[in-house]
Amino acid sequence: MSSTLFIGLGRMGAPMAIQHARSFHTVVFDLASDTAERVAAKSDAVALSSLSDMPESIDTIILMLPSSREVEELLVGRGDLLTLIKRDSIIIDMGSSEPESTRRLAAQAGGFGIAYVDAPVSGGVPKAATGELSILVGGADAHVARALPHLRTMGSKIIPVGDVGTGDVAKAVNNLVSATNIAVACEALSIAESSGISRERMAEVLNSSTGRSQASELKLTEYVIPRNFTSGFAYDLMLKDMAIAVGLETSTRTPVTRSAFDVLKRGRASLGTEPDHTEIGRLYGLGDPPIAGEGLSP
């Protein structure tokens with residue numbers, strides 16, 4: 001019997017692993033062993049206490065880790081997982097990694113006879129919990145085909161975008177647009193409010209007019225205007241993805257998105273510890289005042 005090892009059980013990883021375990025024999029691992037036990041208790045998954053005890057049946061490894069640093073440390077650093085994985089296995093990296101790092105790791109995995117696919121996700125915790133994520137896939141056609149049955153347990157929209165590493169590119173560019181849209185929508189509410197239109201009414205205007213976007217329909221109405229800022233996606237992870245996107249080699253000038261990145265990066269210092277990405281609204285006075293009390297003031 002073949003098995004899947006799912007590593008990384010954070011806000012996104014835990015519900016994704018639970019969805020995956022409904023269709024495949026799944027072994028779960030996290031550096032916090034109690035987290036793996038909790039996920040196993042809520043699903044058909046089996047908790048693993050140490051990677052050195054990885055069952056021989058493992059031939060698929062799914063990673064849902066915060067960044068390339070953790071992936072590299074796990075696979076070729078202290079974790080040295082590539083030497084523990086049997087030949088002809090496949091690694092599916094579903095976190096938001098750096099494209100160049102992904103390409104290097106894929107080449108190293110290939111040297112061990114291991115396939116590698118990058119498949120970052122979009123949709124947040126709510127979609128992870130229902131198995132309705134959008135999944136952006138990069139890799140060789142044969143490797144993507146092999147990964148698809150696993151990805152379908154977690155996503156309702158799966159988009160192959162190119163060779164290995166391009167899934168990470170697509171995710172970073174998508175999040176660059178998403179963050180820029182949120183900032184623009186928050187600026188719009190701030191402008192309208194200062195001119196006598198309530199933020200609620202301006203959001204209604206946007207959502208019934210050509211200014212409508214996912215940011216205005218969901219982020220403003222669910223998280224910014226109610227001031228709960230509980231989307232489950234961290235501001236720092238948003239900045240990480242934006243940095244990846246603006247750092248890509250391109251001949252295209254990108255003054256709008258680069259400006260948005262610079263503004264949101266500058267505003268980070270006033271938001272305290274572990275802010276949600278929808279706390280962009282606080283920078284524009286659409287919530288509790290920023291800690292520094294300055295927001296985006298010059």
Show the atom names and distances, to 0.1 Å, of all donor-acceptor pairs under 3.5 Å that link a side chain in residues 230-237 to residues at least two apart or in another chain.
residue	atom	partner	partner atom	Å
T230	OG1	N228	OD1	3.2
S231	OG	F233	N	3.3
S231	OG	D276	OD1	3.0
S231	OG	D276	OD2	2.8
S231	OG	H277	ND1	3.0
Y235	OH	L264	O	2.7
D236	OD1	R268	NE	2.6
D236	OD2	R268	NH2	3.3

### Message
Under 4.5 Å side-chain heavy-atom separation, chaining through any Ile, Leu, Val, Met, Phe, Trp or Tyr, what else clusters with L9? Say none if it is isolated.
### Response
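Members besides L9, by chain and number: F6, M12, M16, I18, V28, V39, I62, M64, I90, I92, M94, V117, V121, V125, L133, I135, V137, V144, L148, L151, M154, I158.
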### Query
Going by side-chain heavy atoms closer than 4.5 Å, which hydrophobic residues are tied to I159, directly or by a chain of links?
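Members besides I159, by chain and number: L136, V161.
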### Query
If only atom types and distance count, is the side chain of S50 paired as donor or acceptor with the main-chain N or O of S52 below 3.5 Å?
yes
### Query
Tell me, which pairs form a side chain to side chain donor-acceptor pair (under 3.5 Å) where one or both residues lie in residues 158-169, sequence neighbours left out?
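Output for this query lists T102-D168.
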### Message
Under the side chain to side chain donor-acceptor pair (under 3.5 Å) definition, can you give me all pairs with a residue in residues 240-249, not counting sequence neighbours?
### Response
N175-D241
Would you check if [X] and [Y] make a side-chain contact, meaning some heavy-atom pair closer than 4.5 Å?
| X | Y | value |
| --- | --- | --- |
| D88 | D59 | no |
| S178 | K219 | yes |
| L271 | R282 | yes |
| C186 | L220 | yes |
| L75 | L63 | yes |

#### Entry: NZ (K265) with more than 12 external heavy atoms under 6.0 Å
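Atom NZ in K265 is not packed in, count stays at 12 or less.
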### Message
Does atom CG (D141) have a neighbourhood of more than 12 heavy atoms from anything else shown, all under 6.0 Å?
### Response
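Counting other residues, nucleotides and ligands, CG of D141 stays at 12 neighbours or fewer.
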### Ionic contact status for R212 with E217, cut-off 4.0 Å
yes
### Query
Among pairs that include at least one residue of residues 138-167, which meet ring-ring contact (aromatic ring centres under 6.0 Å, His included), considering only residues two or more places apart or in two chains?
H20-H150, F24-H150
### Task
Evaluate the side chain to side chain donor-acceptor pair (under 3.5 Å) criterion for residues S67 and E70: first the C-alpha distance (whole Å), next the side-chain angles of each, then the deciding distance (0.1 Å), finally the verdict.
CA-CA 6 Å; S67 71; E70 287 82 7; 2.3 Å; yes
### Message
Just verifying a value: how many Å separate I58 CD1 and S89 OG, rounded to the nearest 0.5 Å?
### Response
8.5 Å
